[in-house]
Amino acid sequence: MHADMEQVSGIAEPVDRAKAAIDLMATYQGWVLELSRIRREAIEEAQASGLTQAEIAKRLGVSRGRVGQLASAGPPPERAFFGTDMVTVSLGGKYEAGKTPEQSSEVVTREDISNFEHLRTLLAGMKLEAKYEVVPPTGIINLNRDNHVVVCGPRLSPIVAQVLEGDDNLAFEKDRAWHLVDRKTGEKYRSPMDEDGSAGDFGYLGRLPRLDGRGTFLYIAGVHSIGANGVVHFLENNLAELYREVRTRRFSTLISCRYDPKTLDVLESRRVTPLYRHEA
């Protein structure tokens with residue numbers, strides 16, 4: 001840290017020095033946020049283990065009142081579920097209907113834009129910024145990044161489809177229609193939209209391995225686009241509990257949802273399979 005400051009202070013050109021100082025301050029502020037999250041999580045864990053605030057205060061060398069302040073200061077522990085810095089949300093792109101690839105630009109569905117806005121609001125509440133990018137219709141996507149959420153069905157990206165094949169528990173399959181299947185029980189989860197036309201769907205939620213083996217990415221996809229909205233709705237309402245269960249380890253599960261067919265707003269969502277853990 002001291003070396004970083006010395007390097008910045010040694011920049012001769014004043015505007016360049018000011019810019020370097022701004023950039024370094026932003027980096028340090030990000031570290032402070034993450035450290036405050038870690039501190040809050042540690043205090044919560046200590047309390048959950050049976051220690052009183054007075055006991056924690058004594059061991060930390062602070063007042064009991066200060067422990068109470070620290071237990072609520074900083075971002076919530078579940079912030080780590082998404083990352084520690086700017087989150088990139090990759091949305092599956094398609095060519096415009098009725099146009100050739102040469103004539104068309106890449107577009108995303110209304111449901112996916114809604115997903116991003118819901119995710120951005122959720123992340124903002126945990127002091128994380130978010131941006132989105134469109135996965136080109138070729139399905140080529142760089143999965144080897146930190147703080148990455150992918151919202152893109154396997155039929156739109158062969159790279160994502162390859163990674164999904166490594167999930168021994170849950171999978172997308174197609175016969176008369178696309179659906180999800182629990183490989184452990186053999187149960188198939190067919191979208192109500194395909195069965196009787198009712199306003200419901202299923203979605204996949206998981207943390208999957210990057211191709212470079214150096215981390216993971218969050219993956220969200222529905223049988224139809226609205227199924228991904230159901231997954232996001234589930235995260236909005238169950239993130240703290242989910243994080244306590246899986247932290248940042250690899251897992252997968254399936255979510256069902258019901259939505260308003262006029263507005264496409266998700267009305268309810270729930271988990272329908274176990275939280276399958278991919279790591280010992």
Give a yes or no on whether [X] and [Y] share a hydrophobic cluster (residues Ile, Leu, Val, Met, Phe, Trp, Tyr; joining criterion: side-chain heavy atoms under 4.5 Å apart).
X	Y	result
Tyr243	Val231	yes
Val32	Met25	no
Val181	Phe202	no
Leu156	Phe172	no
Val246	Ile220	yes

Has the side chain of [X] got a donor or acceptor atom that lies under 3.5 Å from a matching backbone atom of [Y]?
X	Y	value
Ser269	Phe234	yes
Asn144	Leu211	yes
Ser198	Gly200	no
Tyr132	Ile113	no
Thr27	Asp23	yes
Arg79	Lys127	yes
Asp112	Val108	no
Asn147	Val87	no
Asp265	Asp260	no
Ser157	Pro154	no

Judged by modelled atom types alone, do [X] and [Y] share a side-chain donor-acceptor pair under 3.5 Å?
X	Y	answer
Ser252	Asn169	no
Asp167	Tyr204	yes
Asp194	His224	yes
Glu133	Ser90	yes
Asp182	Thr273	no

Go through the steps to decide whether Thr216 and Leu208 satisfy the test side-chain contact (heavy atoms from CB on, under 4.5 Å), and finish with yes or no. CA-CA 5 Å; Thr216 60; Leu208 302 176; over 6 Å; no
Is the shortest side-chain N to carboxylate O distance from [X] to [Y] below 4.0 Å?
X	Y	result
Arg40	Glu44	yes
Asp146	Arg214	no
Glu245	Arg277	yes
Lys58	Glu55	no
Arg247	Glu41	yes

Give a yes or no on whether [X] atom [atom1] has more than 12 heavy-atom contacts from other residues, nucleotides or ligands under 6.0 Å away.
X	atom1	result
Gln7	CD	no
Arg17	CZ	yes
Glu129	CD	no

Carefully, step by step, assess Arg64 and Thr52 under the rule side-chain contact (heavy atoms from CB on, under 4.5 Å). CA-CA 9 Å; Arg64 181 176 175 180; Thr52 66; over 6 Å; no
As a test of understanding, state which of Leu242, Leu275, Leu254 forms a side-chain contact (heavy atoms from CB on, under 4.5 Å) with Leu205. Leu242
[X] [atom1] to [Y] [atom2] distance, which is reported to the nearest 0.5 Å:
X	Y	atom1	atom2	value
Asn115	Arg110	CG	CZ	12.0 Å
Lys131	Met86	NZ	CE	6.0 Å
Ser49	Gln47	OG	CD	9.0 Å
Ile38	Glu45	CD1	CD	11.0 Å
Glu268	His233	CD	NE2	8.5 Å
Leu51	Arg59	CG	CZ	6.0 Å

Could you tell me whether the side chain of [Y] reaches within less than 4.5 Å of the side chain of [X], counting heavy atoms only?
X	Y	result
Ile255	Val272	no
Lys174	His179	no
His118	Asn229	no
Val67	Ile43	yes
Leu24	Met5	yes
Tyr276	Lys184	yes
Arg258	Val266	no
Lys188	Asp175	yes

Using the ring of each side chain (for Trp, its six-membered ring), is His148 parallel, tilted or perpendicular to Phe217, with breaks at 30° and 60°? tilted
Could you tell me how the ring of Phe251 sits relative to the ring of Phe81: parallel (under 30°), tilted (30 to 60°) or perpendicular (over 60°)? tilted
Could you check Val160 against Leu164 for side-chain contact (heavy atoms from CB on, under 4.5 Å), going step by step and ending with a plain yes or no? CA-CA 6 Å; Val160 168; Leu164 275 172; 4.1 Å; yes
Looking at Tyr189 and Val223, what are the two nearest heavy atoms and their distance? O-CG2, 4.4 Å
Chi angles and distances behind the side-chain contact (heavy atoms from CB on, under 4.5 Å) call for Arg120, Val89: CA-CA 9 Å; Arg120 182 163 65 176; Val89 182; over 6 Å; no
